[in-house]
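These notes are about the structure you will find just below.
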Amino acid sequence: MKRALVWFRRDLRTVDHPALAAAVGQAEQVAPVFVFDPAILKAPDIGPPRVAYLLAALDSLDKNLRELGGRLFIRSGSPAEVLPALAQQIKAEAIFWNDDVEPYALARDAEVQARCQSLGCAVQRFQDQTVHGPDSVLKSDGTPYAVFTPYSRAWLARPLPKPLPRPKTITTPAGLSSDPLPSLAELGFTLRIPMISSGEKAALDTWKTFAAGPASSYASGRNFPALDSTSRLSPHLRFGTISPRWLADRVDRLLAEQPAHRKEIEVFRQELIWRDFYKTILRHFPRVATGCFKPEYDALGWENRDDLFTAWCEGRTGYPIVDAAMRQLNATGWMHNRLRMIVASFLTKDLLVSWQWGERYFMQHLFDGDLAANNGGWQWAASTGTDAQPYFRIFNPASQAEKFDPEGRFIETWVPEATSLRYLPPIVDHATQRTRALALFQAARS
Ligand SMILES: Cc1cc2nc3c(=O)[nH]c(=O)nc-3n(C[C@H](O)[C@H](O)[C@H](O)COP(=O)(O)OP(=O)(O)OC[C@H]3O[C@@H](n4cnc5c(N)ncnc54)[C@H](O)[C@@H]3O)c2cc1C
């Protein structure tokens, strides 16, 4: 074919990009395009960190495409209007993109597809966001798994897909111009925390640092927030500046290279399987985006007190581990996984605030905010999800701190005043709230 469009979305890279590789393989000229969609930029869960990260990743993608002879074309507006118009303008015979799993994206894509096809522009879609697609790890009767352990066993039994190389050259249609990449301020956002590195090269460096060090002790180190022993790849996976299949392939190689550390590295691979699992859940059970996976818990009588929620957001609960974690989030746009579990349990089971309030706050403040993983994590902690923490097992923030921050180093970093007598008194009593949370769950169950 003569001309094609490649629609970039949350796959902002050139290596192992199925849609880009297919378009370059089939068309003489390819126009890579990104569309700023006002519906996403105005959504209630959007926040400055993700938009800033997106802009930096787009800038870096444009540079990487230019190294191959191409470039990125920027547009703004509803994709269902912008893309068919662009396809007509350049007489594209096909548009290529990598599929998403989120309900909004699926509806949007169906509309773009129908409009493009009605204009005679073919649509080619590819599985990309996960190592194994949401329809390839299914039970023997063809239905999706709703429990992680059997899902992970089935995932591991499948051969890993081979990552695709970066295209050698890209030729874009002559005379096509791009809108300028908007600034963060032009999009209406201000980032008040330090920016983190973005783009394919940064992703590769992040992986290399992890593989050369923390990976070999991942299982032992990953639960301790004071140690920097996790990969920090989450924003890269979120925006696709690294490919999950490329990563799984590298993990596989690392396992072969370091047999002595096999058990440690296997636990890291398990986290990538969790990531695939939650995306598969969202794809097959889209109701989780707006309600509990276990529908009986939609009736939970959360108290939703604004004052308690605000204290949680601001790290002023009087529980040092919770406050330290929330301050880490507010100051850096990232929070350690163990702490995400602790603060999510605390918001829901101690403060009796709906998991959906916390879910939205995380999305607004995280660089890696991702609907599937965030929703899965929150529903797990709130005991409303797939294979959730049973509702009667409630994290005790004090014993979590003793176990996972035994010397108080993490707390000391973010709440140095915690050891002084002037530190805030706890806003609720854990034992009392625990009893009340149990009653709430029992009432919903009956
Ligand atoms: C309440 C709650 C909310 C969360 N919200 C998000 C979110 O918005 N975005 C997000 O990417 N992760 C989320 N997680 C999962 C996890 O906390 C982060 O992925 C992790 O802390 C990111 O740091 P890392 O890259 O160093 O992780 P590593 O420990 O190095 O893990 C490697 C990668 O595996 C994936 N991963 C790890 N743990 C999980 C998990 N439990 N579920 C799904 N994927 C996982 C991530 O992509 C991560 O980058 C959440 C967890 C909880 C409990």
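Every heavy atom of this structure was used, including side-chain atoms; hydrogens, water molecules and symmetry mates were not. Atoms within each ligand, like the ligands themselves, are counted from 1 in listed order.
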Quiz item: Under 4.0 Å from any heavy atom of L272, which atoms of ligand 1 are there?
Solution: 33 (C), 34 (O)
Quiz item: Against heavy atoms of M341, which atoms of ligand 1 measure under 4.0 Å?
Solution: 53 (C)
Is the closest basic N to carboxylate O distance between [X] and [Y] below 4.0 Å?
| X | Y | result |
| --- | --- | --- |
| D99 | R125 | yes |
| R13 | D128 | yes |
| K201 | D205 | yes |
| D228 | R232 | yes |

Quiz prompt | Ring centre gap for W97 and W7 strictly below 6.0 Å | solution = yes
Self-check item: Nearest candidate to atom 9 (N) of ligand 1, where distance is taken over non-hydrogen atoms, out of T206, L339, D368
Solution: D368
Quiz item: What's the shortest distance from atom 19 (O) of ligand 1 to any protein heavy atom, and which residue and atom give it?
Solution: S234 CB, 4.1 Å
Quiz item: With no hydrogens and no angle check, do the side chains of Y104 and D37 hold a donor and an acceptor under 3.5 Å apart?
Solution: yes
Please check whether [X] reaches ligand 1 - meaning an N/O of the residue sits under 3.5 Å from an N/O of the ligand, judged on distance alone.
| X | answer |
| --- | --- |
| Y278 | no |
| L237 | no |
| H336 | no |
| W378 | no |

Quiz item: Are R232 and ligand 1 in contact, using a heavy-atom cut-off of under 4.0 Å?
Solution: yes
Exercise. May I ask you to identify, for W380, whether its side chain, its backbone, both or neither come under 4.0 Å of ligand 1 on a heavy-atom basis?
Key: neither
Exercise. Mark yes or no for whether D298, through its side chain, and G291, through its backbone, hold a donor-acceptor pair below 3.5 Å.
Key: no
